[in-house]
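Quick note: numbers below take in every heavy atom, side chains included, and nothing from hydrogens, waters or symmetry partners.
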There are 2 protein chains.
Amino acid sequence: MLNMFGILEKPLITITNIIWSFDRTTKQLQVLLVKRAQPPYQNSWALPETFMRTQESADEAALRLIREKIGLNLSDFYTEQLATFTNQQRTSNERALSLAYMTFLPEMPALKAGYGALEARWFAFSAVQKRYCLSNRQLTFQTAAEASETAYYQALKQQQPDQHLAFDHEWILRLACQRIKNKLNYQPNILLVLGAQFTLKEARMIYAAFLGIKPSEIDNSNFKKTHKHLFKDIGISSSKQIGRPAKLYRLASNKVEF
Amino acid sequence: MLNMFGILEKPLITITNIIWSFDRTTKQLQVLLVKRAQPPYQNSWALPETFMRTQESADEAALRLIREKIGLNLSDFYTEQLATFTNQQRTSNERALSLAYMTFLPEMPALKAGYGALEARWFAFSAVQKRYCLSNRQLTFQTAAEASETAYYQALKQQQPDQHLAFDHEWILRLACQRIKNKLNYQPNILLVLGAQFTLKEARMIYAAFLGIKPSEIDNSNFKKTHKHLFKDIGISSSKQIGRPAKLYRLASNKVEF
DNA sequence: GCAAAAGTGTTGTCAGTACACCCATGA
DNA sequence: TCATGGGTGTACTGACAACACTTTTGC
């Protein structure tokens, strides 16, 4: 149909999902990365991706991706749209759009590399200077440093493939982190990685990671006062470690006012 | 390529652009709607759309749409991404994604219906109850009433085509209005429709439209104090009407902190 | 001079911060 | 009992809303 000048040749549609979880032993946020089995960017680490199918919406594809990549089959996860990336320079070969989503898992499951991946690993999330950092043993990746889209895609061409994530994934991650940080004080969906219940200390650890400060720099008293409208007290106290046991909270169903 | 089960059959990619402007005579915000010349939804009013071409990014396509639909050829407009709509039920026939953008024109140009449109008109924007309303003479459309996506798309099937905008455009508009409203107090890009310079009264008129109140309900003194960091005073005063001439302002280049 | 519209100033309230203090637990 | 960590309370500060007052224009 009207393909004379390639005008209506359809690009590939990729679903890119940034999957977050929380490691309760090391107390660190985690992001899922996979090592690509096929070109382009074969053997590079990347955000998990899949192609969209015609019978499903992008949200459904993002959920399917989780099932396929990490074999996890919980009833439903919280997934939200991040943005859509369409710059021509984002892929070096065939044109491909990326519809990017974020998923917050309530636990940190063991991973097995699914179709299209040689490996799948959790990478620990941390802030370094004004950027964010994903690391697993000797592997380390950072969110893009450039502030402007054109500058980033310009720099992307000269990049060393093995030092960086595939495609424009460092740019996508940058936007994801910004978005989460901006929403911390009114819709902290990132706390869903803490599962059904969490202590204020755990919440402060996540806030601190995005703010680039130490958890101890967030005053517990003030934090509770300024965020109590976002959390629901579920009375029960856990124990297990030294010190007074903390109360447990869950995210208040934060219906955003329309 | 791997088209066995229609799995990789590629959907159409539509760029939908919500184009805003401001009528300085009636002092009302305007949204551009077109009357569709071709099926589906032939003769229905709709947001202007185009198909994405492989040589361009979605942002470029959104700009091309403006040139083609309204023959306007300013150097560059401010365009921002709204969201991407992928629900299967959003189109009744062939599957199509919509990448939705918003453009804020610094003036309100005369319109001529471009390719694919029988007519193109500016519709005045106003708030009615908890919804928003677009009207031009006897024609009136409203943003979707449903709060949940599934509820909306369920209701969409039973809709009278001639009472409503085409496709899920009333849903898209709803999200657009919400987004603009939420950003009023930290990144009021909507004020770009006021052009290079504006008075505080004009700004208050736009705020009032989204807040569903009268401009007089916004205290000028307080408005100036709480928003002065967003505006830059450009000293000059205009006159032309009764009362003390107002100072002129422009949007401060609001770099968002990263 | 008067009305209209814009700008300035003043006060009270409320939310956020800094910080001191109290409580519950494990070793 | 002490150290550790969580919870509570108080005083200071700064932002915002309500509202009174002043300035500049057209008629």
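- With hydrogens and angles disregarded, no donor-acceptor distance shorter than 3.5 Å links the side chain of Thr16(A) to the backbone of Ala100(A).
- The stretch residues 201-216 of chain B has no heavy atom under 4.0 angstrom from DNA chain D at all.
- Ion pair Arg24(A)/Glu202(A) flagged as a salt bridge, since at least one NZ, NE, NH1 or NH2 atom sits closer than 4.0 Å to an Asp/Glu carboxylate oxygen.
- Rounding to whole angstrom units, CG of residue Leu200(B) and C1' of dA4(C) are separated by 17 Å.
- Surrounding NZ of Lys232(B) are at most 12 heavy atoms belonging to other residues, nucleotides or ligands under 6.0 Å away.
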Show me the donor-acceptor pairs within less than 3.5 Å that the side chains of residues 207-217 of chain B make with the rest of the protein, sequence neighbours left out.
from: Tyr207(B); atom 1: OH; to: Leu184(B); atom 2: O; distance (Å): 2.6
from: Glu217(B); atom 1: OE2; to: Lys214(B); atom 2: N; distance (Å): 2.9

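- The interatomic distance linking Asp233(A) (CG) with dG6(D) (P) rounds to 15 Å, in whole Å.
- Applying the side chain to side chain donor-acceptor pair (under 3.5 Å) test to Asn87(B) and every residue at least two apart in sequence or in another chain returns Glu149(B).
- With sequence neighbours left out, the ring-ring contact (aromatic ring centres under 6.0 Å, His included) criterion links Phe198(A) to Phe231(A).
- Here dG6(D) presents its C1' atom at 14 Å from CZ of Phe223(A), a figure rounded to the nearest Å.
- Rounded to an integer number of Å, the gap from NE2 of His227(A) to P of dG7(D) is 15 Å.
- Between Lys183(B) and Glu80(B) a salt bridge is recorded (basic side-chain N to carboxylate O distance below 4.0 Å).
- The salt bridge (charged side-chain N to carboxylate O under 4.0 Å, His left out) check on Glu146(A) picks up nothing, with sequence neighbours excluded.
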- Nucleotide by nucleotide, 5' to 3', does protein get under 4.0 Å of the base (B), only the sugar-phosphate (S), or neither (-) in nucleotides 16-23 of chain C, counting heavy atoms? SBBB---B

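- Between the C1' atom of dC21(D) and the CG atom of Asn220(B) lies a distance of 14 Å, rounded to the nearest Å.
- dA5(C) atom C1' lies 16 Å from atom CD1 of Ile218(B), rounded to whole Å.
- Atom NZ in Lys224(A) sits about 18 Å away from atom P in dA15(C), given to the nearest Å.
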